[in-house]
Amino acid sequence: MNQQELLINKIAQDKIDFHLGLHLLLEDNYNFKELFTTLHNYIINSIPNKTDYNTEAYQRAINTIPLKSTYTPIVILKSFPTKIAFNKLASLPEDENKKVITSLLWIFKITDTERRNTECKNGCGHFWHEL
């Protein structure tokens, strides 16, 4: 696990404040594509319903992202099925990148918390849940 992945998991597990962690992820010359790919993979793996990737936790996450609900990434996430929404998010203009990362980090935080409290409650073997 690299430093970025470690930071993402610490944020998801409330070991680092969300806003501080987000700031650390977006420092300097972060690589949007790399961070997007990591968060995308983490979210897809944290959602138990692999048929349509739509769960109560995922919907709750989208509806509580700490950004204005009219921001483009939020509108996309609410308007399209998960896989289509992620494809659209990846191709947004660069000035939307920080909002996209904020949204995805929040979604992962919520969906991974749900997984830790249900599927992984009695131990799961996920080394990142042992941080």
Visitor: Calculate, to the nearest 0.5 Å, the distance between atoms NZ and OG belonging to K98 and S103 respectively.
Guide: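 The OG atom of S103 is 14.0 Å from NZ of K98, to the nearest 0.5 Å.
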Visitor: If you compare all heavy atoms of T111 against all heavy atoms of S46, which two are closest, and at what distance to 0.1 Å?
Guide: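 Scanning both residues, the minimum pair turns out to be OG1-OG, 2.6 Å.
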Visitor: Could you check whether atom CD of E56 has more than 12 heavy atoms from other residues, nucleotides or ligands sitting under 6.0 Å from it?
Guide: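 At most 12 heavy atoms, drawn from other residues, nucleotides or ligands, come within 6.0 Å of this atom.
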Visitor: Are L67 and I101 in one and the same hydrophobic cluster, where Ile, Leu, Val, Met, Phe, Trp and Tyr link if side-chain heavy atoms are under 4.5 Å apart?
Guide: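 Both belong to a single hydrophobic cluster.
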Visitor: What's the separation between atom CD1 in I107 and atom CG in N63, rounded to the nearest 0.5 Å?
Guide: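 CG of N63 is found 10.0 Å from CD1 of I107.
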Visitor: How long is the span from the CG atom in N97 to the CG atom in L26, to the nearest 0.5 Å?
Guide: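 So the gap between those two atoms works out to 9.5 Å.
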Visitor: Output the distance between atom OH (Y42) and atom CD1 (I8), rounded to the nearest 0.5 Å.
Guide: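 These two atoms lie 5.5 Å from each other.
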Visitor: Quick one: OG1 on T37 to NZ on K33, what's the gap to the nearest 0.5 Å?
Guide: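 Answer for the OG1-NZ pair, T37 versus K33, is 6.5 Å.
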Visitor: Could you tell me how the ring of F18 sits relative to the ring of W106: parallel (under 30°), tilted (30 to 60°) or perpendicular (over 60°)?
Guide: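 Taking W106 first and then F18, their aromatic rings stand perpendicular (interplane angle over 60°).
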Visitor: So which heavy atom on I62 is nearest to which on K78, and how close?
Guide: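 Where I62 meets K78 most closely, the heavy atoms are CG2-CG, 3.4 Å.
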Visitor: Do the non-hydrogen side-chain atoms of F32 and V100 ever get within less than 4.5 Å of each other?
Guide: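 A side-chain contact exists here, since the closest heavy-atom pair is under 4.5 Å.
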Visitor: Report yes if some heavy atom in the side chain of L89 is under 4.5 Å from a heavy atom in the side chain of L104; otherwise report no.
Guide: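 The answer is yes, as the side chains (C-beta and beyond) meet within the 4.5 Å cut-off.
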Visitor: Going only through I, L, V, M, F, W and Y residues with side-chain contacts under 4.5 Å, is there a path from V75 to L105?
Guide: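 In one cluster: no.
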Visitor: Between S91 (side chain) and K88 (backbone), is there a donor-acceptor pair under 3.5 Å?
Guide: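 At least one qualifying donor-acceptor pair exists.
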Visitor: Quick check: does any side chain N or O of E5 sit under 3.5 Å from a backbone N or O of N2, one acting as donor and the other as acceptor?
Guide: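 Pair found, side chain donor or acceptor close to backbone of N2.
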Visitor: Can you tell me how far CD of Q59 sits from CD1 of I110, rounded to the nearest 0.5 angstrom?
Guide: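 Here the rounded value is 13.0 Å.
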Visitor: Describe, in one word, how the ring planes of H40 and F36 are oriented to each other, choosing from parallel (under 30°), tilted (30 to 60°) and perpendicular (over 60°).
Guide: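 Geometry flag for F36 against H40: parallel rings.
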Visitor: Evaluate the side-chain proximity of Q4 to L25: yes if any heavy-atom separation is below 4.5 Å, no if none is.
Guide: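 Yes. Closest side-chain heavy atoms under 4.5 Å.
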Visitor: Any chance you could lay out the side chain to side chain contact (heavy atoms under 4.5 Å, CB included) test for L7 and Q3, step after step, and finish with the verdict?
Guide: CA-CA 6 Å; L7 180 57; Q3 287 301 101; over 6 Å; no
Visitor: Would R60 and E114 count as a side chain to side chain contact (heavy atoms under 4.5 Å, CB included) if you check the C-alpha gap in whole Å, the side-chain angles of each, and the deciding distance to 0.1 Å?
Guide: CA-CA 11 Å; R60 183 173 58 253; E114 176 73 14; 3.4 Å; yes
Visitor: Are T82 and Y58 packed together at the side-chain level, in the sense that at least one heavy-atom pair is separated by less than 4.5 angstrom?
Guide: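 A side-chain contact exists here, since the closest heavy-atom pair is under 4.5 Å.
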Visitor: Find out whether K99 and L92 are in side-chain contact, i.e. whether some heavy atom of one side chain is under 4.5 Å from a heavy atom of the other.
Guide: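 No, every pair of side-chain atoms sits at 4.5 Å or beyond.
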Visitor: Which heavy atom in D17 sits nearest to a heavy atom in L20, and how many Å separate them?
Guide: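 Minimum heavy-atom separation between D17 and L20: OD2-N, 3.1 Å.
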Visitor: Shortest non-hydrogen contact from I11 to K109?
Guide: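 Answer, listing the atom of I11 first, then K109: O-NZ, 3.9 Å.
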Visitor: Please confirm whether the backbone N or O of F108 pairs with a side-chain atom of D112, one donor and one acceptor, at under 3.5 Å?
Guide: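 Between the backbone of F108 and the side chain of D112 there is no qualifying donor-acceptor contact (under 3.5 Å).
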